[in-house]
Number of protein chains: 2
Amino acid sequence: MFIEERYQKIVELLKEKNSVRVSDLTEIFDVSESTIRRDLQDMEEKNMLKRTHGGAVSLSSRNFEPSFKEKETSRHSDKVRIAKVAAKLVGDGDSIIIDSGTTTLELAKALNAKNITVITNSIDIATILWEKEDMEIILTGGTLRKNTRSMVGQLSENSLRNFKVDKVFLGTNGITLKDGLTTPNLTEAITKRTMMESGDKVYVLSDPSKFGVVNFAVIENLKQIDAIITTDEVEKQILDEFQNFGVRIITS
Amino acid sequence: MFIEERYQKIVELLKEKNSVRVSDLTEIFDVSESTIRRDLQDMEEKNMLKRTHGGAVSLSSRNFEPSFKEKETSRHSDKVRIAKVAAKLVGDGDSIIIDSGTTTLELAKALNAKNITVITNSIDIATILWEKEDMEIILTGGTLRKNTRSMVGQLSENSLRNFKVDKVFLGTNGITLKDGLTTPNLTEAITKRTMMESGDKVYVLSDPSKFGVVNFAVIENLKQIDAIITTDEVEKQILDEFQNFGVRIITS
DNA sequence: TCGTTTTTGCTTATTTATGATTGTATTACG
DNA sequence: CGTAATACAATCATAAATAAGCAAAAACGA
């Protein structure tokens, strides 16, 4: 078996399982650990995978597929449900803004409208959309915030001011009646606010854990929002309060 | 049996088995190893297969897209060498622009100056730099060009005009004395030109295969360039011509 | 026919792929 | 928090595969 064939096979294995172990690969190919390590090193240089202690993971899985643990802890299934509802709001030919965030990332995956224009400040969302056909993708630019992999700051806001889109899909870290939408980072809050100003309709995607949470930086009060998309796990009483306040609630 | 017939037969074998060994082919055709190697070398140049140590594998099964990853593997070592030289030009505290491209991607990997600011229009470069410490990363924004994974267009140029950096590192698809720097896409050419205007020093990273090549869209003539970084594989005579023209050449 | 070009095989020095070994780094666990 | 277990990089030796140069054979054209 040639090196090139091993590479192919490793790529295939990564597609199936998202990760491979050095020890398994030595058995599969019947070669030494040195050889496998060299293979992985080579493949990492060629951007074919990401090495880890003990083996390697596929690049896409690293960025987009939440690991097993993450899925358990961070309400992944809620986010997928919310994203599917949000995706239905996007019609063929729409232009939309998608904010960075884990829930909005799911929205990007779920999008299936034809011929749409998407503006985003998230590198991960751009990478997801990159593989879809029939779509114009515009990135806002800006300073890269490393922990959210999003572009924020003045540059980002300047770009956003060039556009008026049909719909804006925002993520948030906290949402209450009194303080509205909040997030831990001021710069990010300002970017989100600019996004709201660039859209006709503004939707907030929020899993149940965000309700009642207040963070440092206020994005905007609820009056500017057209609807909050969440799941029916949120207590009915809380949702009613929001609706009485004039905010539309869409549950999945 | 004619050479062409051997070629055909090898292609057939590759379709069946996905890989062929030099040793098997010598038996099948009853010729020497030298002959088989020459055949494979020829066929690789004609993009009929991919050589490996010991034989060859078929292209189709390997990678369905000869786009980005494929480009990366061709002349990869050249690119790494060039990138290392370029990386040395970056000093602590510098602000630089890095253009999109496979060679400049290697530069991003090789960067090791402290406390620098990097402006780029490449998602892949941003992703590489994302893991490094001590670095501010600014993305230009713009429309996503799918085959180069870069941001181009008006938005990109507007962003770039906000900055004056110490050094600009550009990729190119072709470089000649007469036509200067050229690339196949007009929009991308304009973005590159804007980058040049935003920098004090402009360096072009070019592997040897780009010399003498002219593409559709002219980026800029050579007068605007401070130096071309390449390898010593380029014929001395050609490099001399460039130097006589007033362009500094840095080889690795 | 003769000189030229192409194709081929052989030889040798070089490169590549691999496994083993050793000391070091990272992770897991009590 | 410290220690054992595991994984790692770096280095070396070796065998296989390769590139490059040369010479012979075959094909070709005038």
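Per chain, numbering begins at 1; letters A, B, ... match sequence-line order. For clarity, every value in this text was computed on a predicted model and none was experimentally measured.
Proximity of a side-chain donor or acceptor of B/E44 to a complementary backbone N or O of B/R51 within less than 3.5 Å is detected.
To the nearest 0.5 Å, atoms CG (B/N121) and CG (B/L139) are separated by 8.5 Å.
The environment of B/K9 atom NZ is sparse: at most 12 non-hydrogen atoms of other residues, nucleotides or ligands sit within 6.0 angstrom.
The two atoms that bring B/S206 and B/I228 nearest to each other are CB-CG2, 4.5 Å, heavy atoms only. In plain terms, the two heavy atoms of B/N215 and B/G174 that are nearest each other are ND2-N, 3.4 Å.
Look at CZ on B/R37: it is 15 Å from C1' on D/dG21, rounded to the nearest Å. Atoms CZ (B/F29) and C1' (C/dT7) sit 16 Å apart, rounded to a whole Å. Between the CZ atom of A/R51 and the P atom of C/dT27 there is a distance of 13 Å, given to the nearest Å.
Within the 4.0 Å cut-off from OP1 or OP2 of D/dA7, at least one side-chain nitrogen or oxygen of A/R21 is found.
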*Going 5' to 3' along nucleotides 13-25 of chain C, which nucleotides have protein heavy atoms under 4.0 Å from the base (write B), which only from the sugar-phosphate (write S), and which from neither (write -)?*
---SSBBB-----
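In summary, of the residues considered (B/D232, B/T251, B/T230, B/T103), a side-chain hydrogen bond (donor to acceptor under 3.5 Å, both in side chains) with B/R81 occurs for B/D232 alone.
Using cut-offs of 30° and 60° for the angle between ring planes, the B/Y203 and B/F169 rings count as parallel.
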With 3.5 Å as the limit, what N/O pairs link the protein to nucleotides 26-29 of chain D?
none

Expected list for residues 184-192 of chain A: side-chain donor-acceptor pairs under 3.5 angstrom, two or more places apart:
from: A/N185; atom 1: OD1; to: A/T187; atom 2: N; distance (Å): 3.0
from: A/N185; atom 1: OD1; to: A/E188; atom 2: N; distance (Å): 2.9
from: A/E188; atom 1: OE1; to: A/R145; atom 2: NH1; distance (Å): 2.6
from: A/E188; atom 1: OE1; to: A/T148; atom 2: OG1; distance (Å): 3.4
from: A/T191; atom 1: OG1; to: A/G153; atom 2: N; distance (Å): 3.3
from: A/T191; atom 1: OG1; to: A/E157; atom 2: OE2; distance (Å): 3.1
from: A/T191; atom 1: OG1; to: A/T187; atom 2: O; distance (Å): 3.2
from: A/K192; atom 1: NZ; to: A/D99; atom 2: OD2; distance (Å): 2.4
from: A/K192; atom 1: NZ; to: A/G171; atom 2: O; distance (Å): 3.2

